Visitor: 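Can you keep this structure in mind? I'll have questions shortly.
Remember, it's a predicted structure, so these values are computed and weren't measured experimentally. No hydrogens, no waters, no symmetry mates; every other heavy atom, side chains included, goes into these values.
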Amino acid sequence: MSKITPEHLARQAVVYIRQSTADQVINNKESQRRQYGLADRARQLGWSEVIVIDDDLGRSGGGTARPGFEKLLTAICEGRVGAVVSIEASRLARNGRDWHTLLEFCGLVGTLIVDEDGVYDPRHPNDRLLLGMKGTMSEMELSIFRQRSLEALKQKARRGELFLNVAIGYIKVSHDQIEKDPDRRIQEALALVFTKFAEMQTLRQVHLWLRQERIALPAVSRGPEGRHVEWKLPVYNTVRHILTNPIYAGAYVFGRSGSRVTIEAGRKRIVRGFRREPSNWEVLIKDHHEGYITWAEFERNQRLITDNANGKSFMSRGSVRCGEALLAGLLRCGHCGRKLHVAYSGTHSNVGRYHCRGSQINHGGEPCISFGGLRVDAAISAEVIARLQPLGVQAALSAMEDRGREHAEKLRQLELALEQARYEAARARRRYEAVDPDNRLVAGELERRWNERLLTAGALEEERGALLAKPESPLSEADRERLLALGSDLERAWNSPGATPATRKRIIRTLVYEVIVRVGDAAIELVIHWQGGDHTALKIRKNRTGQHRWSTSADVIDLMRVLARQMPDGTIAAVLNRAGKSTGRGNSWTRARVRNLRNQQAIAPYREGERMERGEITLDEAAAVLKVSPSTVRRLIADRSLPAHQLCKGAPWVIKALDLEHPEVRNAAQARRVRRPSSGDLRQRELEL
């Protein structure tokens, strides 16, 4: 008795086609032909309407989402399917959930299942039992095959012989061995990336520099001819892949990434490609092959990249960012352990204020600490300068040697690119000359390719010529002396206008690992953790109420208290300007500014005759009393014949009137009045009157 009834033939026959991987879809064409041929078998069995569902080509049947299978189930539930045709049960499902769901739906609506072995009706107990066993065997078969293949791969990887893909810069010389690519242009381009990262210490800056200098990097592409190297300006991920791949450190690594299985909408979803920590790598073999950098350099690069990740880790310092604050990312609160952040008070303000508000933001608590950055930045800078000062001259000499390095690096990359372009043009010419000229369909295309190679080589030659026309000018002798002077006086170099905040930040980060901050009632306490493991404790006095960075320095205020007892405001301003003193904002002194500061500090103004009441006279008044010139009085003061004192350079001399009555002062003045000082020239005689 046939299981196929007229009711089944009145519906559609659905041929379900599936292959597990994209590689099978591309290379295993015979399996596709067999599956598509099932449509003819369905017609031979009597079905006139045959539908082919091939939406799941390249999709696994192990439980992941399959739109074609969902379409098949929908058609079965609607009662439109009389039979489901496939080669074997593994094509329909490789997991129990999908297989038994299919059997349940087919049994409810009376849909047959047809494979190469026969026709099955899920409503019959014997057929349902047989189909259940086939599905179970298919699922078990998949698990066994997968386990065997994975264990074989891991065993080969433990020996360092498994190479699914080879990174750019290396080639396979056998099935289990790799070597550096012999192309010198590829080698030097990759070496340049590591050199620039060691110099700039941020991945993004390396990427921007390569784009700015128009330096191309190699990339692997696969075409009909197999593996091919293309040269193009790098994107961020290209530079990141080069700097984070341990293969360039001469290490073989397997299991750097893994997969996670989640359940979404009742189906298994596999998320692949998440990165594992180095401690969780399945295989790590150091010194496996020749590297571009050492393993120690690779680990240092990874620490720098991790530290530069802004906001991704509680312990990371973050990269060098915009702003004048020098310690962003380096300060940690000594009270709660959180990182301190920087805030700028206004749109045009360049003075940062460090604050710890983690408790307030995360838990709604009170702000922890907050303080201005000027004094703290200055104190840390002074400590850094003190430790770098012995190396200042050496750094200046290194700067001279490195002055033309970037120019030479770019020129070298252009020369290598030009050499390769000329080779490509020569090869295109040989291919063009080898073809039959009468075959214009081929010759025309080869001629076009040859012209493209020639244009590329010509553009590189022009770029190289323009670079050579502007050679890097050598340092003049004056520039060398100035650079060496800055090296010997590192503080002046640090504060020079040419030293940008980003440069200072990078220098500080090279020496300082972290700074722990505690804020007390009267001082800010700092503990500097240096990169070498040493520690330095500092204490910075806090500003009192009303003090700010524009406040006039205390020594100027003390000087003004004394000068106000000697002279009026206008004369005080002239004295302060001669002495090189400035206001809190760096301005020169005027009568109005002296008056304002004096009023703020409650300093009484000079009262006429006040000095005379104290018995003090000026230098000019002393000259009139002694009947000598003011210059003679200065000589008497210099010879210590006349007691006098001066508050600062440029301030008037203060002389006691009683000191002029001493016989020693009178005799010294008389001697100066009678005999002028002799000339230093022995041939010049004195004029006797």
Visitor: If you compare all heavy atoms of A249 against all heavy atoms of T294, which two are closest, and at what distance to 0.1 Å?
Guide: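 For A249 versus T294, the nearest heavy atoms are CB-O, 3.9 Å.
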
Visitor: If only atom types and distance count, is the side chain of Q302 paired as donor or acceptor with the main-chain N or O of L243 below 3.5 Å?
Guide: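 Yes: the side chain of Q302 pairs with the backbone of L243.
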
Visitor: Regarding E299 and W295, is there a side-chain donor-to-acceptor distance under 3.5 Å anywhere?
Guide: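 W295 and E299 do have a side-chain donor-acceptor pair below 3.5 Å.
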
Visitor: Would you say Q155 and R158 are linked by a side-chain donor-acceptor pair, where the criterion is simply a distance under 3.5 Å?
Guide: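 Judged by distance alone, the side chains do pair up.
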
Visitor: Quick check for you: to the nearest 0.5 Å, what is the distance between L414 atom CG and L416 atom CG?
Guide: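 Taking CG in L414 and CG in L416, the distance rounds to 9.0 Å.
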
Visitor: State the CG-CG distance between N451 and L446, to the nearest 0.5 angstrom.
Guide: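 Answer rounded to 0.5 Å: 11.0 Å.
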
Visitor: I'd like to know whether R427 forms a salt bridge (Lys or Arg N to Asp or Glu O under 4.0 Å) with E424, so could you lay out the CA-CA distance, the side-chain angles of the two residues, the decisive distance to 0.1 Å, and finally the verdict.
Guide: CA-CA 5 Å; R427 186 176 67 168; E424 296 288 344; 3.0 Å; yes

Visitor: Determine the minimum heavy-atom distance between R276 and W281, stating which atoms define it.
Guide: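 Distance-wise, the nearest heavy atoms are O-NE1, 3.5 Å.
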
Visitor: Measure from the side-chain N and O atoms of H529 to the backbone N and O of I516, and report whether any donor-acceptor pair falls under 3.5 Å.
Guide: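 Answer holds: no.
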
Visitor: Would a distance-only check, ignoring hydrogens and angles, find a side-chain to backbone donor-acceptor pair under 3.5 Å from Q187 to D181?
Guide: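 Side chain of Q187 to backbone of D181: a pair is present.
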
Visitor: If you draw a 6.0 Å radius around CZ in R204, do more than 12 non-hydrogen atoms from other residues or ligands fall strictly inside?
Guide: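 For R204, atom CZ is not crowded (no more than 12 foreign heavy atoms under 6.0 Å).
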
Visitor: Quick one: does any side-chain atom of Q24 pair with a main-chain N or O of G58 as donor and acceptor, under 3.5 Å?
Guide: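 Not a single qualifying donor-acceptor pair exists.
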
Visitor: For residues F163 and Y252, establish whether the separation of their ring centroids is below 6.0 Å.
Guide: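 Aromatic pair counts; centres sit under 6.0 Å.
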
Visitor: Crowded around K232 NZ? As in, over 12 foreign heavy atoms under 6.0 Å?
Guide: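 Not buried by this count: 12 neighbours or fewer within 6.0 Å.
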
Visitor: Is it true that a side-chain atom of E282 and a backbone atom of A157 form a donor plus acceptor pair closer than 3.5 Å?
Guide: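 Judged by distance alone, no pair lies under 3.5 Å.
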
Visitor: What's the shortest heavy-atom distance between C333 and C356, and which atoms?
Guide: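 C333 and C356 have their closest heavy atoms at CB-SG, 3.8 Å.
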
Visitor: Using atom types as modelled and distance alone, determine if a side-chain donor or acceptor of Y513 lies under 3.5 Å from a backbone N or O of L330.
Guide: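 The answer is no, because no donor-acceptor pair under 3.5 Å joins these two groups.
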
Visitor: Go through the structure and list residues passing salt bridge (Lys or Arg N to Asp or Glu O under 4.0 Å) with E297, not counting sequence neighbours.
Guide: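 None.
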
Visitor: Any donor-acceptor pair under 3.5 Å linking the side chain of R59 with the backbone of Q19?
Guide: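 No, because the side chain of R59 does not come within donor-acceptor range (under 3.5 Å) of the backbone of Q19.
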
Visitor: More than 12 foreign heavy atoms under 6.0 Å from CZ of R214: is that the case here?
Guide: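 Count not over threshold, so no.
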
Visitor: Does the pair V206 and Y236 meet the rule for a side-chain contact (heavy atoms from CB on, under 4.5 Å), with working shown?
Guide: CA-CA 9 Å; V206 174; Y236 179 85; over 6 Å; no

Visitor: Taking all non-hydrogen atoms of both residues, which atom of H288 and which atom of G160 are closest, and how far apart?
Guide: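 It is NE2-O, 2.9 Å.
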
Visitor: At what distance, to the nearest 0.5 angstrom, does CD of Q205 lie from OG1 of T202?
Guide: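 Rounded to the nearest 0.5 Å, the CD-OG1 separation comes out at 4.0 Å.
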
Visitor: Closer than 4.0 angstrom, basic N to acidic O: yes or no for E514 and R332?
Guide: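 Yes.
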
Visitor: With E415 as reference, evaluate R464, R185, R422, R184 under the salt bridge (Lys or Arg N to Asp or Glu O under 4.0 Å) test and give the passing residue.
Guide: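 So the option named by the test is R464.
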
Visitor: Indicate the atoms forming the closest heavy-atom contact of A328 with V342, along with that distance.
Guide: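 Nearest pair, atom of A328 first, then V342: CB-CG2, 3.7 Å.
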
Visitor: With rounding to the nearest 0.5 Å, note down the distance linking CZ in R431 to CD in E445.
Guide: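 It comes to 9.5 Å.
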
Visitor: Counting only N and O atoms by type, is there a donor-acceptor contact under 3.5 Å from the side chain of Y292 to the main-chain atoms of G250?
Guide: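 Such a contact is absent between Y292 side chain and G250 backbone.
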
Visitor: Can you give me the closest heavy-atom contact between I242 and F194, atom names plus distance?
Guide: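 Smallest heavy-atom distance, with atoms named: O-CZ, 3.6 Å.
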
Visitor: If you count heavy atoms of other groups shown closer than 6.0 angstrom to CG of D287, is the number above 12?
Guide: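 No - once you tally the heavy atoms of other residues, nucleotides and ligands closer than 6.0 Å, there are 12 at most.
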
Visitor: Begin from the C-alpha positions of I508 and L327 and carry the test side-chain contact (heavy atoms from CB on, under 4.5 Å) through to its verdict.
Guide: CA-CA 8 Å; I508 291 176; L327 303 177; 4.1 Å; yes

Visitor: For residues D377 and Y354, is any side-chain donor paired with an opposing acceptor at under 3.5 Å?
Guide: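 Yes.
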
Visitor: Is it the case that the side chains of S20 and R18 hold a donor-acceptor pair, with the cut-off being a distance below 3.5 Å and no angle test?
Guide: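 Judged by distance alone, the side chains do pair up.
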
Visitor: Crowded around E277 CD? As in, over 12 foreign heavy atoms under 6.0 Å?
Guide: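 No.
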
Visitor: Let me confirm one number: the OG1-CG distance from T244 to L203, rounded to the nearest 0.5 Å.
Guide: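 Result: 8.0 Å between the selected atoms.
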
Visitor: Quick one, L538 and V376 - any side-chain contact, counting heavy atoms below 4.5 Å?
Guide: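 Not in contact.
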
Visitor: With a 3.5 Å cut-off and no angle check, do the side chains of R353 and S370 form a donor-acceptor pair?
Guide: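 Yes, side-chain donor-acceptor contact under 3.5 Å.
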
Visitor: Does CZ belonging to R256 count more than 12 external heavy atoms closer than 6.0 Å?
Guide: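 Count over threshold, so yes.
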
Visitor: Please report the interatomic distance CG(L454) to CZ(R449), rounded to the nearest 0.5 Å.
Guide: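 Reported value, rounded in 0.5 Å steps: 14.5 Å.
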
Visitor: Less than 6.0 Å separating the ring centroids of H289 and Y170?
Guide: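 H289 vs Y170: aromatic centres under 6.0 Å.
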
